[in-house]
Amino acid sequence: MAAVAGTPALSIAARLLDVADSARDARLAAEENGDDKLAATMGTAEARTLDSLVRMGVTSADMASSIHDAHAVMGVFGTLVREHPHVLDAMLDVLDRRNQTAWADQLRALAAQFSETKEVAS
């Protein structure tokens, strides 16, 4: 799942969390309205989505919350890279000097994705 069409695992996990939340909300509304068939269908959708998250390693509410937070931070990172590319260069320089090359490489890959998004949007 982490390699779906080049989408970062964080984005996939965040979207799955949104799907699970929507399915839960629909299930609760259906239960409240006495629609047992719809409630069961939404319960199944919620369970399948949660199972996908568990297979990705998301096994607690704290992790789920962290995914939403991290996804929000990545959105800020994308804006920062587009509006202030020199900040990215400074971050990469510090990471490289601290021998955190894996992190630096990941940020380079993310920055490239944000740059491609900008070019497509232009």
Side-chain angles (χ1 to χ4, degrees):
M1 293 184 69
V4 173
T7 303
L10 179 61
S11 294
I12 294 170
R15 290 180 66 191
L16 285 172
L17 285 167
D18 290 342
V19 169
D21 289 346
S22 294
R24 182 202 56 228
D25 293 346
R27 176 182 52 81
L28 293 173
E31 288 172 355
E32 189 174 304
N33 292 329
D35 190 342
D36 295 336
K37 184 177 179 179
L38 180 58
T41 300
M42 291 297 99
T44 300
E46 180 183 7
R48 289 176 65 188
T49 305
L50 292 173
D51 180 60
S52 295
L53 286 164
V54 168
R55 286 185 277 131
M56 289 181 74
V58 179
T59 57
S60 72
D62 289 342
M63 290 175 79
S65 178
S66 293
I67 287 170
H68 277 303
D69 292 346
H71 195 254
V73 168
M74 291 313 300
V76 171
F77 176 73
T79 300
L80 185 66
V81 167
R82 285 189 296 273
E83 294 179 3
H84 306 283
H86 60 282
V87 172
L88 173 65
D89 294 335
M91 287 175 64
L92 294 173
D93 181 53
V94 170
L95 287 168
D96 286 333
R97 283 187 284 133
R98 292 184 177 182
N99 292 323
Q100 297 291 325
T101 54
W103 276 102
D105 290 344
Q106 287 182 350
L107 287 181
R108 283 184 185 94
L110 284 169
Q113 287 177 351
F114 287 120
S115 295
E116 290 169 8
T117 303
K118 179 183 177 186
E119 290 171 10
V120 170
S122 298

*Should Leu17 and Val19 be regarded as members of a common hydrophobic cluster, given that ILVMFWY residues are connected when their side-chain heavy atoms come within less than 4.5 Å of each other, either directly or indirectly?*
no
_Whichever hydrophobic residues join Met42 through chains of side-chain contacts under 4.5 Å_ = Leu38
*side chain to side chain donor-acceptor pair (under 3.5 Å) contacts touching residues 22-39 (sequence neighbours left out)*: Asp21-Arg24, Arg27-Glu31, Arg27-Glu46
Atom pairs and distances, side-chain donor-acceptor, residues 86-97, under 3.5 Å, sequence neighbours left out:
unit_1, atom_1, unit_2, atom_2, d
Asp93, OD2, Arg97, NE, 3.1
Asp93, OD2, Arg97, NH2, 3.2
Asp96, OD2, Arg108, NH2, 2.7

*Indicate the atoms forming the closest heavy-atom contact of Ala39 with Ala30, along with that distance.*
N-CB, 3.6 Å
*salt bridge (charged side-chain N to carboxylate O under 4.0 Å, His left out) partners of Asp18, counting only residues at least two apart*: none
_For Ser52 against Leu16, the heavy-atom pair lying closest together_ = CB-CD1, 4.1 Å
*For residues Pro85 and Arg82, report the shortest heavy-atom separation together with the two atoms involved.*
CD-O, 4.1 Å
